[in-house]
There are 2 protein chains.
Amino acid sequence: MRLTLEKIGELAGVSRSTVSRVINDQRDVSEEVRTRVLETIERTGYRPNQAARTLVSSRSQVLGLVIPSSVHNLFADPYFGRLIQGITKAANRAEQTLSLFLFEDEREELDLYPRVIANGLLDGLIVTATKMADPLVQRLLDDDTNFVMIGRPDSNRISFVNVENESGARMATLHLLGHGAANIGAILPPSSTTTGIDRRSGFLSAMNESGRAVPEGAIVEGDFTEESGYEGMSRLISQGVDAVFCGSDTMAMGALQALIDAGLHCPGDVRVVSFDGLFDPRQTDPPLTTVSQPVRQTGEEAVNMLLEILNDGDSTPRSRIFPTELTIRSSCGCPEPGGSV
Amino acid sequence: MRLTLEKIGELAGVSRSTVSRVINDQRDVSEEVRTRVLETIERTGYRPNQAARTLVSSRSQVLGLVIPSSVHNLFADPYFGRLIQGITKAANRAEQTLSLFLFEDEREELDLYPRVIANGLLDGLIVTATKMADPLVQRLLDDDTNFVMIGRPDSNRISFVNVENESGARMATLHLLGHGAANIGAILPPSSTTTGIDRRSGFLSAMNESGRAVPEGAIVEGDFTEESGYEGMSRLISQGVDAVFCGSDTMAMGALQALIDAGLHCPGDVRVVSFDGLFDPRQTDPPLTTVSQPVRQTGEEAVNMLLEILNDGDSTPRSRIFPTELTIRSSCGCPEPGGSV
DNA sequence: TGGAGTCCCGGGAGCGCTCCCGGGACCGCT
DNA sequence: AGCGGTCCCGGGAGCGCTCCCGGGACTCCA
């Protein structure tokens, strides 16, 4: 037999309304009554019915996290783990529940869009890893659902949290150039994503700046998986590169393996600088020099931004861009304390 | 301006009730009216307010997935990725939304239990990776929340989905013995989990059966992480083992690395059989012989079982135990097509 | 012809909450 | 004494839905 506001009021000798005021921490309740009500709530273990609250307030305290089907390596890539940790942390702190929307394939994705969007039990969404011109994003925009994107959107009507992909990639490339690399290649994220585009233009801008040409075939495109990194590095090896900017740590893992399998040494034969900062030094051999981005923080900020939008009731696009920073270890050829150069 | 049942009724020239009947696919609606209503719903893009439905029906179509804070390697261990994929797949198919409850630490966990349990927006829970005598489970039992556990519970009042841990571990150990191993060790999951206990007793039963003594120090306990596997194997090496049953693939990864670092060869010097079947052959060197369990299926079954319980309104404990099977590759010393023995 | 049964349909009631309004008690000031 | 203001508190209305009941129309059979 479920407790209601009315019943608690009865037990505490006050009305429904007063109990409601206590629970929502509103004014117009005497200190004495407040403690009395709080006591009976504590004693009975009463919890307000969230559905009823949602119905009248149209706020469910539930946020949705949508990850498109294209992310097949969702759980293989440490990026998403970190991201989800950041998101749940912020959500927990704000007393929000997190609903997860993952899809097996594109068909399922399309079938389920309406359920996600017009769910009615969701206050807003966090959307990540979309490709450009993603139909989901368009739908969300049309239905003016509140949402924030993680990563740079391809429209200026969207709130988002991002990191400095371009300048990070530029830094990485310049570092490689600083080491005197003569023949630089790049393994980049998909060009169907803004992340891929931005890291690419960072790479190109560094090359340009240093007066380097980018020969045909010096850029290969991966898809964030280790396999594609392996594949990409193999292609670059055959072009005789002596340095590679790799646009994601996971791809770098594969790239390093490709070097080993080709009997080449990193950084001796090929220097590598990567992007993400997901692994700790011991996880790769040699320790990866990489552009670190604050993944957890990105997730937290997405939640906070979404909550701000919801609370302000103002959906004018906002954004937050976190800086990236070059973490120097030894895969670039820098000496490392205790490491072999 | 949000649409309501009433409004759709107005547009279709019928009453609220009739529209409701159409939506819920109930009888007492003429074919003509039904199509007319369906049409206006389609045309307007109407979606019933889930909060209102939940309020009156006390079914939210939302399931919760709870993963305790103790799982620090949540996203490092491919197990959970698979599990979650299975769960989301089954949830999607049943038109259920999945809410995710992850905790940073035990304090947060305790703080949030009440919100999880008495959420009011959850029809039921799937709980995984609990330790024995877990306080959460006790709370769920007390509040008679509907839930199913993944893994064997330490009480017979709980519905669960599990795999044959004991016989799997027994098989693995017997296989090692069949290879003529003289000095077998084991790296097992925590003894605070039923999984740890069951895999241990499978190991012991095989040893017993073959008349082998289990010397002091032949069993070390890990915590499902690679590090603990490395650590465990290092200890076993110093004891001079020539074969090891490793109670989880992730730990086996660490164990194999420990062998390499010790200058030992697998399976030449130390044979290894593992448990889980998470990696594909190419991911380890040598390819792991392992006891495969159907992780995705386990997740799907947990959802289905929970839904059965909810639909039947009958919470008498039920269970489903999936078989495990020995996947023979080469880390045990078996010859593999194309592999070196 | 009339009563029972079936098929449709509409409207009242109510789920448990929040919001709003009004009223009583008490204060201080003119 | 009268009035405005503040502090508390209770109850009505209503969120959008489902469930239940009752009534009209039509059919079938005695």
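Letters A, B, ... mirror the listed sequences (proteins, then strands); counts begin at 1.
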Which nucleotide, dC8(C), dC15(D), dG16(D), lies nearest any side-chain atom of Val56(A)? dC15(D)
Which nucleotide in the list dC7(C), dG16(D), dC9(D) gets nearest to the side chain of Leu55(A)? dG16(D)
Ranking Arg21(A) and Glu6(B) by the position along DNA chain D of their nearest nucleotide, the one closer to 5' is Arg21(A)
Rounded off to whole Å, could you give me the [atom1]-to-[atom2] distance for the [X] and [N] pair?
X        : N       : atom1 : atom2 : result
Glu32(A) : dC8(D)  : CD    : P     : 11 Å
Gln50(B) : dT18(D) : CD    : P     : 9 Å
Arg34(A) : dC7(D)  : CZ    : C1'   : 13 Å
Ile8(B)  : dC17(D) : CD1   : C1'   : 13 Å
Arg16(A) : dT18(C) : CZ    : P     : 10 Å
Asp25(A) : dT18(C) : CG    : P     : 13 Å
Arg36(A) : dC8(D)  : CZ    : C1'   : 12 Å
Ile23(B) : dC17(D) : CD1   : C1'   : 9 Å

Quick check on DNA chain C: between Ala52(B) and Thr18(B), whose nearest nucleotide comes earlier from the 5' end? Thr18(B)
Ile309(B) side chain reached by Phe147(B) side chain, heavy atoms, under 4.5 Å: no
Looking at [N], I'd like to know if its phosphate oxygens (OP1 or OP2) sit under 4.0 Å from a side-chain N or O belonging to [X].
X        : N       : value
Ser17(B) : dG11(C) : no
Asn49(A) : dC15(C) : no
Arg53(B) : dG16(D) : no
Ser15(A) : dG11(D) : no
Gln26(A) : dT18(C) : no
Tyr46(B) : dG16(D) : no
Thr54(A) : dC17(C) : no

Checking the side chain of [X] only, and the main-chain atoms of [Y] only, is there a donor and an acceptor separated by less than 3.5 Å?
X         : Y         : answer
Thr194(A) : Arg152(A) : yes
Ser99(A)  : Gly64(A)  : no
Asp134(B) : Lys131(B) : yes

Val161(A): which of Glu300(A), Gln297(A), Met149(A), Glu301(A) passes side chain to side chain contact (heavy atoms under 4.5 Å, CB included):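 Testing each of Glu300(A), Gln297(A), Met149(A), Glu301(A) against Val161(A), the sole residue satisfying side chain to side chain contact (heavy atoms under 4.5 Å, CB included) is Glu301(A).
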